[in-house]
K.L.:
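Let me begin by handing over the structure; questions about it come next.
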Amino acid sequence: MQPSTNHSQPGFLIALEGGEGVGKTVQAGLLMKRLQAAGKDVVAVREPGGTVISEQIRAVVLSAKNTGMKDTTEVLLFQAARAQIYREVVIPALEEGKIVLMDRSRDSSVVYQGMVRGFGRELIEQLNDISTKKTVPNLTILLDAPVEVGLKRRNGTAKVDRLDMQNDGFHQKVREAYVQLAKENKGERWVMIDANKPVTDVEQAVWQTVEEKLGL
Ligand code: TYD
């Protein structure tokens, strides 16, 4: 099922997606700099998070201490954080004609909760539509890399959160679900980029895609 959209705002929404450790956050920073250098007005945010309230929800949903969290609670907390950031930041910025750059958004829920946790795509898209007021990215960039590569990078750096603690089978399913979505929607808003390459190569591929889509 394709998400429906009433996204008729003048702005442009770009979402970076992918499994753990594929380099979304680094690439989001690099893309932000390039867009600003091109004179664009950009707002960059991450999900879950990006507002005071959403960051508080993030702390709860990702805390490694919350091992007792039920899957349904997880589904609704990601959506609660999303409802807040879309109303507070994303939709107003799009209405002002800005570029909004998101480190994860609605498709993370489709993959992690819908396809991997098993809640189903249809239910998650319905919840996404409520949380986002039917806003869908104009461009979704999937950074794809083998699970081992991502987890190795992750172990070397960031703090381990509750979802990072899932087993390798979970992360493999995440990767496959993302690739499935990108293949189904090829030529539409999804573009898949090989992230198992040096950072500058990935940066170049991301920029080429964005330049093309924005007509820069
Ligand atoms: P984060 O540190 O932001 O991403 P990453 O680990 O890729 O650097 O962690 C966010 C975690 O939350 C990540 O494991 C994916 C998960 N997530 C969902 O399961 N559903 C969602 O809707 C979102 C936004 C994130």
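The figures here come from the full heavy-atom set of this structure, side chains too, leaving out hydrogens, waters and symmetry mates. Atoms within each ligand, like the ligands themselves, are counted from 1 in listed order.
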K.L.:
Counting heavy atoms only, which part of V61 comes closer than 4.0 Å to ligand 1: side chain, backbone, both or neither?
P.N.:
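Neither part.
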K.L.:
Side chains of residues 48-60: which donor-acceptor partners sit under 3.5 Å, not counting sequence neighbours?
P.N.:
unit_1	atom_1	unit_2	atom_2	d
T51	OG1	I53	N	3.4
T51	OG1	S54	N	2.9
T51	OG1	S54	OG	2.9
S54	OG	A81	O	3.0
E55	OE1	R46	NH2	2.8
E55	OE2	R46	NE	3.2
E55	OE2	G50	N	2.8
Q56	NE2	V52	O	3.4
R58	NH1	P48	O	2.9

K.L.:
Apart from L30 itself, what residues make up its hydrophobic cluster when side-chain heavy atoms of I, L, V, M, F, W and Y under 4.5 Å apart count as a link, directly or indirectly?
P.N.:
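Once heavy-atom contacts under 4.5 Å are chained together, L30 belongs with V26, V199.
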K.L.:
Among protein heavy atoms, which lies nearest atom 4 (O) of ligand 1, and at what distance?
P.N.:
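The closest heavy atom on the protein side is R104 NE, 3.3 Å.
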K.L.:
R82 near ligand 1, heavy-atom distance under 4.0 Å?
P.N.:
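Contact check R82 vs ligand 1: positive.
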K.L.:
Dump the intermediate steps for side chain to side chain contact (heavy atoms under 4.5 Å, CB included) on I141 and E17, then the final yes or no.
P.N.:
CA-CA 6 Å; I141 298 175; E17 292 282 355; over 6 Å; no
K.L.:
Do NZ/NE/NH1/NH2 and the carboxylate oxygens of D161 and K65 come within less than 4.0 Å?
P.N.:
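Salt bridge between D161 and K65, a charged N being under 4.0 Å from a carboxylate O: no.
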K.L.:
Please state which protein non-hydrogen atom is closest to atom 8 (O) of ligand 1 and give its distance, to 0.1 Å?
P.N.:
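Looking at atom 8 (O) of ligand 1, the protein heavy atom closest to it is R154 NH2, 3.0 Å.
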K.L.:
Can you label the angle between the Y178 ring and the W190 ring as parallel, tilted or perpendicular, going by 30° and 60°?
P.N.:
tilted
K.L.:
Quick check: are there more than 12 heavy atoms from other residues, nucleotides or ligands sitting under 6.0 Å from CD of E212?
P.N.:
no
K.L.:
For R58, state whether at least one heavy atom is located under 4.0 Å from any atom of ligand 1.
P.N.:
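The answer is yes: ligand 1 sits under 4.0 Å from a heavy atom of R58.
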K.L.:
Between E125 and R106, does any side-chain N to carboxylate O distance fall below 4.0 Å?
P.N.:
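Looking at E125 and R106, the cut-off is met.
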K.L.:
Which residue owns the protein heavy atom closest to atom 25 (C) of ligand 1, what's the atom, and how far is it?
P.N.:
F78 CE2, 3.4 Å
K.L.:
Looking at atom 6 (O) of ligand 1, what's its closest protein heavy atom, distance included?
P.N.:
E20 OE1, 2.7 Å
K.L.:
Rounded to the nearest 0.5 Å, how far apart are CG of L216 and CD of Q208?
P.N.:
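The CG atom of L216 sits 12.5 Å away from the CD atom of Q208.
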K.L.:
Would you mind telling me if ligand 1 is within reach of the side chain of R106, the backbone, both or neither, using heavy atoms under 4.0 Å?
P.N.:
neither
K.L.:
Just need the protein heavy atom nearest to atom 9 (O) of ligand 1, so name the residue and atom and give the distance.
P.N.:
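I find the closest protein heavy atom is D161 OD2, 3.5 Å.
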K.L.:
Contact between Q113 and ligand 1, counting heavy atoms under 4.0 Å?
P.N.:
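It does; at least one heavy atom falls under 4.0 Å.
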K.L.:
Between S131, G49, S109, which one has a non-hydrogen atom sitting closest to atom 22 (O) of ligand 1?
P.N.:
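Comparing heavy atoms across S131, G49, S109, the nearest one to atom 22 (O) of ligand 1 lies in S109.
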K.L.:
Please state which protein non-hydrogen atom is closest to atom 11 (C) of ligand 1 and give its distance, to 0.1 Å?
P.N.:
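For this ligand atom, the closest protein heavy atom is L62 CD2, 3.7 Å.
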